[in-house]
Amino acid sequence: MADVYKLEDQNVDVLRFLYVSQSSAKGRAEALENIQTALDSWLDGYGSPPNSGGAGILNGLDRRAFIQELVPDLLRLSLTCPLDEVRNKCKDILTEVKERGPGVKVPRALKCGPSRFIPASEIDPADTTNEDKQMVFIESFLQNNRLENLHQVMGYHPRYLEAFVKTQNYLLRDDGPLPFPYRHYIALMAAARHQCVYLVRLHAQEFLLQGGDAQWLRGLEYAPQKLRNLCEVNNILAHRPWLLNKNHIEKLTRGNDTWSLSEMMQALIIIAHFHSLCSFIMGCGLAPEIDQGGCTTRNASSSGDDESEDYSSDSSVGGEMNANQVLEEDSLESLMQRMKELTESTHEEEPTQEELLKRFELVENQSSEISVPTKEKTSKKEEVLRFVTNSDFTYNDFAKRAPGLDIPTFRIQDYSWEDHAFSLANRLYSDIGNLLDDRFNIAFNLTYYTMGDIRSVDTSAFRQAIWYYIHCMYGIRHDDYDYAQVNQLLERNLKTYIKTVCCFPERITKKDYEGVMKGFKHSEKVHVNMMITEARMQAELLYALRAVNHYMT
Ligand SMILES: CC(C)C[C@H](N)C(=O)O
């Protein structure tokens, strides 16, 4: 199996890219002809691959057939021929394309690697020697015919990656109430809320592969009313989930173009999944996939500096720290010290319920005073805006919600994931509750007992503080938690970072990523981003499912 995996060689990606993305019809036809000739003569040497229908395996310009049949065929073939041979063949094909198709530009991958924030050398490659990771990578590759940058970076935490991939496959590819193109369209509507070009492009592509109507990709007004009806819920959940109530749910399930309860449940979960995934993607500075902006047709020699390539879309290259941010970043040692003090002070008298409430409110109010970087680093793109309604609607601090609306704090003892939301989700869309439960548990509990270079540390207080702080920003209170810990463990700069990744991921810059959590390893920063992603997802789902529950009872 290990060898199969190495097919994630950039040459194979480039071939796929050539196949799917030659924009001019002529260039595309020429590229295809060349790839076909080269591939055919190559395959001749090995006999016809299974299920390929004979020699002309690239007959027909069906890209889906290419991705779904050819690439697995290549995978299968690679079992029987040595890796180097496969690589060389790929290179030959590219050279041949270059030589025989004058005017056809042959793209190559940019060298920056899967993330713009993390040096490629710090990220495990596709053919990692870590066995657990390797298994999940293979799984992901077989599902997607590529190892997405997203999965490669998540690979820092293989257990989490595994749970994540399972849920995402279930949501998008398994049996379920929603038609497949719908699922991807909803995914891109959700991702567009944060201008996440990475996801919008990925799911626009998937949407077409699933037989979706290309017209819909021109913008929301070309999509069916039923999908457009989701906009309001999508907007609210993305930015101010506390505003969601049973009337919104009722609107979706009554009248024309209605959603069945189970369809709606799948839609709501896809929405929350993709909102929060934007946080991960932008928080980790993921680079676009090779066929979606992550390549160049310039000569390697002429530029010399791949990294500076214009990513054309994603936000967040460069950018200044916000003036209100507290600049001094505290050290790992002082964080360790504060964690220690916390454990030592447990013999203090138990604070009263009133005192606990006060502490929660203090954190909530302080959070609303934290200003995040104020504007996006690039202007919003038409490519994304066409899937957005009401683009000025963004996160607004819970503490500053309109008093007239009378929205109380969400008390977790009244409605929690474990006791309430979990079973409702399972009931309306079987198994999803279990899958999400796994994800939340891993995200909440995962630890390696390390902090930077320090070993054997109990990091639970720090990790809890992150999780509960995020819920606090969404007005969710865990009444048995002492929010004083949030202030003891999360210094202001880190709070700003968390708030930005969580609520305004489109504004995160490389500088922000580098300027925070000094002394932490990249895997730990990714760990924090992963917790932000999951805590946010849970917060959204709590509001969504509570509203569904109110509607049903
Ligand atoms: C987020 C990190 C500080 C987590 C830490 N490395 C742990 O293993 O728990």
Side-chain angles (χ1 to χ4, degrees), residues 115 117-119 122-124 128 130 132-133 136 150 152-164 276-277 279-286 329-343 346 363 438-473 478 481 483 485-502 505 508 512-539:
S115 154
F117 296 174
I118 312 171
E122 301 267 346
I123 302 173
D124 258 357
T128 169
N130 174 326
D132 292 343
K133 204 178 283 192
V136 199
L150 168 65
Q152 199 176 341
V153 171
M154 267 186 190
Y156 273 122
H157 306 290
R159 277 190 57 215
Y160 172 70
L161 173 60
E162 190 183 358
F164 176 89
S276 53
L277 192 52
S279 290
F280 188 87
I281 285 174
M282 294 168 136
C284 294
L286 286 186
E329 161 82 25
D330 76 347
S331 65
L332 200 57
E333 285 71 35
S334 81
L335 175 57
M336 291 290 294
Q337 182 59 32
R338 283 176 287 135
M339 275 172 32
K340 203 163 145 234
E341 281 163 17
L342 244 178
T343 21
T346 43
V363 173
D438 266 1
R439 242 172 88 172
F440 293 147
N441 280 327
I442 293 173
F444 188 82
N445 294 313
L446 186 73
T447 179
Y448 307 90
Y449 303 99
T450 58
M451 205 79 165
D453 289 327
I454 313 167
R455 299 183 170 274
S456 312
V457 200
D458 178 0
T459 60
S460 46
F462 178 70
R463 290 180 289 107
Q464 275 168 23
I466 293 177
W467 190 279
Y468 293 135
Y469 181 57
I470 291 155
H471 279 194
C472 174
M473 288 190 300
H478 296 249
Y481 181 69
Y483 286 83
Q485 296 200 9
V486 170
N487 278 346
Q488 279 159 294
L489 297 173
L490 310 183
E491 39 84 34
R492 193 181 162 98
N493 193 23
L494 180 52
K495 278 184 177 169
T496 308
Y497 174 83
I498 293 173
K499 184 170 172 180
T500 316
V501 173
C502 196
I508 275 288
D512 297 333
Y513 175 88
E514 286 170 350
V516 77
M517 296 181 273
K518 290 268 166 61
F520 279 42
K521 296 189 181 311
H522 288 295
S523 66
E524 291 176 322
K525 292 189 177 188
V526 172
H527 191 157
V528 169
N529 284 339
M530 176 267 279
M531 293 194 68
I532 297 174
T533 306
E534 295 301 317
R536 172 181 180 187
M537 162 112 177
Q538 196 180 66

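Counting starts at 1 for both ligands and their atoms, in listed order. Worth knowing before you read on, the calculation uses all heavy atoms, side chains too, and leaves out hydrogens, waters and symmetry mates. Given the structure is predicted, the values throughout are model-derived calculations rather than measurements.
For the residue pair Gln485 and Tyr468, no side-chain donor N or O sits within less than 3.5 Å of a side-chain acceptor on the partner.
Near Arg463, meaning under 4.0 Å from one of its heavy atoms, ligand 1 places the atoms 9 (O). Counting atoms of ligand 1 from 1 in the listed order, those under 4.0 Å from a heavy atom of Met451 are 3 (C). Close approach to Phe520 involves these atoms of ligand 1, each under 4.0 Å from a residue heavy atom: 3 (C).
Contacts between Met531 and ligand 1 below 4.0 angstrom, taking non-hydrogen atoms only, are absent altogether.
Among Tyr448, Phe280, Phe164, the one residue that satisfies the ring pair (Phe, Tyr, Trp, His ring centres under 6.0 Å) test with His157 is Tyr448.
Judged by distance alone, the side chain of Glu122 and the main-chain N or O of Pro119 form no donor-acceptor pair under 3.5 Å. In this structure a side-chain-to-backbone donor-acceptor pair under 3.5 Å is present from Asn529 to Gly283.
The single protein non-hydrogen atom nearest to atom 9 (O) of ligand 1 is Thr459 OG1, 2.5 Å, given as residue, atom name and distance. Protein heavy atom closest to atom 1 (C) of ligand 1, with residue, atom name and distance, is Val528 CG2, 3.7 Å. Nearest protein heavy-atom neighbour of atom 4 (C) of ligand 1: His527 ND1, 3.6 Å. Looking from atom 8 (O) of ligand 1 to the surrounding protein, the closest heavy atom is Tyr448 N, 2.6 Å.
Put simply, the side chain of Met530 does not reach to within 4.5 Å of the side chain of Leu161, judged on heavy atoms. Using a 4.5 Å cut-off on side-chain heavy atoms (C-beta onward), Met336 and Met451 make contact.
Heavy-atom distances between Lys521 and ligand 1 stay at or above 4.0 Å for every pair.
Between Tyr513 and His522, the two ring planes are parallel [angle under 30°; tilted spans 30° to 60°]. Ring geometry for His471 versus Trp467: interplanar angle of 30 to 60°, hence tilted.
Scanning Thr450, Ile466, Leu446 for the heavy atom closest to atom 5 (C) of ligand 1 points to Thr450.
Residue Tyr449 has at least one nitrogen or oxygen atom sitting less than 3.5 Å from a nitrogen or oxygen atom of ligand 1, judged on distance alone.
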